[in-house]
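Structure first, commentary second.
The basis for the numbers below is simple: all heavy atoms, side chains too, and nothing from hydrogens, waters or symmetry mates. Whatever order the structure lists them in is the order used to number ligands and atoms, beginning at 1. These figures come from a predicted structure and were not determined experimentally.
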Amino acid sequence: MKEQRILITGACGQIGTELIPALRQRFGDDHVIATDIHVRPSGISNYIQLDVMQDEMLELVVKECGVTQIYHLAAMLSAKGEQNLDAAWSLNVHSLLSILKIAHEQGLEKVFWPSSIAVFGPNSPKYNCHQNARTEPTTVYGISKRAGEYWCNYYFDKFGVDVRSLRYPGLISAGASPGGGTTDYAVDIFHQALEKGNYTCYLEEDTCLPMMYMPDAIRATLELMEAPKEKISVRTSYNLAAMSFAPCDLAARIRKILPDFKIDYHPDFRQAIANSWPASIRDTEARRDWGWQPEFDLNRMTLDMLERLSVKKCLPLPEQEAETLTYPDFPMDNYVASNCRV
Ligand code: AKB
């Protein structure tokens, strides 16, 4: 196999922060080039400060560094996108087009690009939303992701660019925090629970959404990228699922570990975005084509998040009991908010 040189855009973001160590473990530090618009964060080696919107610079870096694969992670998420329509469209679509063009012209081996459950809309099935369900997104982020999926498919079909993609659910991680997403509450809640003992959620208590713990998301990304080419039957983007829950389910689970934790609800404009998305996703194709299996459910993820963050923040957890909580089964046909106030 040809020696790989992997370039990551948006390296300082939520996915990049955890994907880079995983890629470096596989390919070696020197073979993974981290790039982002930000000044180099301390402690990260082999880093280039790069604005992905500057295509000539991007092209030069790819050429000079002998890049063979790109993970193009730079993006603007759903909530921030609604407040910055032009910037969201440019960043999410134009930068992808530059990357695909460079990949084609320079004969790169592979490209990874993240899509999202935001490609679905109010006319998609609410439960077990399948791969080929109607996609009529109602956010600029969702529209840009759906357009991007078609561009990936186009470059594969017309030019044979081996671009692969996943429709991530809301991602939860103890590393870098997300910014500007609708599902971000599921990360913020852990920080506030540990630091303040309470959280005000911007979604209604029973708003059930598809979610995934970052270790599963990283593994899914690597497994997709390592799958033999002939196994990849979806060239837009694969549905990907692990768990679904609402804020009240997560709060109830946190309370099992931090009994005094309190939550209240003040929905804002993000509620409408969340309402337009499916509550659960069916990912048959990912399981069939490259053997996808999630490892973390709500119970395991919550415990792991609290353990990691409590170590990071030097805020020890109280003694724990082994009990687990009931929460929606996966796959789910309906959502009953059993952990809500009512
Ligand atoms: C967001 O909330 O915008 C993202 C996503 C679901 O893609 N986390």
Side-chain angles (χ1 to χ4, degrees), residues 10 13-19 71-85 87-89 91-93 95-96 112-122 124 126 129 133 135-149 152 165-191 201-204 207-214 216-218 220-221 236-247 250 267-281 283 286 294 296 301 305:
Q14 194 194 12
I15 302 174
T17 305
E18 304 211 16
L19 184 62
Y71 286 68
H72 177 36
L73 307 179
M76 194 182 293
L77 299 186
S78 57
K80 195 167 172 201
E82 287 311 282
Q83 291 159 335
N84 300 276
L85 301 186
W89 181 260
L91 177 59
N92 295 354
V93 181
S95 68
L96 171 64
F112 175 79
W113 176 75
S115 185
S116 161
I117 54 146
V119 297
F120 295 112
S124 312
K126 195 76 185 158
C129 185
T135 47
E136 288 163 13
T138 52
T139 60
V140 68
Y141 174 67
I143 301 169
S144 69
K145 288 293 176 189
R146 191 59 177 136
E149 290 186 356
C152 291
S165 176
L166 295 171
R167 288 174 177 160
Y168 290 123
L171 297 179
I172 301 161
S173 63
S177 288
T182 302
T183 58
D184 294 7
Y185 89 84
V187 179
D188 298 341
I189 193 173
F190 286 102
H191 291 270
C201 185
Y202 55 79
L203 296 182
E204 293 278 14
T207 308
C208 185
L209 288 171
M211 300 279 184
M212 180 174 282
Y213 195 35
M214 191 59 89
D216 269 345
I218 298 299
T221 310
T236 47
S237 186
Y238 277 98
N239 270 14
L240 189 71
M243 59 182 116
S244 283
F245 59 79
L250 181 52
D268 65 16
F269 72 100
R270 289 169 279 195
Q271 185 65 49
I273 303 178
N275 287 347
S276 76
W277 292 347
S280 65
I281 297 288
D283 58 1
F296 285 85
M301 177 277 288
M305 273 295 278

Looking only at atom types and distance, does a side-chain atom of [X] sit under 3.5 Å from a main-chain N or O of [Y], one as donor and one as acceptor?
X: Asp216; Y: Pro294; value: no
X: Tyr71; Y: Pro114; value: no
X: Glu82; Y: Val140; value: yes
X: Gln14; Y: Leu171; value: yes
X: Asn92; Y: Met76; value: yes

Return the closest protein heavy atom for [atom] as residue, atom name and distance.
atom: atom 3 (O) of ligand 1; value: Ser78 OG, 2.5 Å
atom: atom 8 (N) of ligand 1; value: Thr183 OG1, 2.9 Å
atom: atom 2 (O) of ligand 1; value: Thr182 N, 2.7 Å
atom: atom 6 (C) of ligand 1; value: Ser116 OG, 3.6 Å

- request: Please determine, by modelled atom types, if Glu149 and Ser165 share a side-chain donor-acceptor pair under 3.5 angstrom.
  value: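 No, Ser165 and Glu149 have no side-chain donor paired with an acceptor closer than 3.5 Å.
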
query: Below 3.5 angstrom, do we get any N/O pair linking Trp277 and ligand 1?
result: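 It does not: no N or O of Trp277 is found under 3.5 Å from an N or O of ligand 1.
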
Which of the numbered atoms in ligand 1 are below 4.0 angstrom from a heavy atom of [X]?
X: Leu77; value: 3 (O)
X: Tyr141; value: 3 (O), 5 (C), 7 (O)
X: Gly181; value: 1 (C), 2 (O), 3 (O)

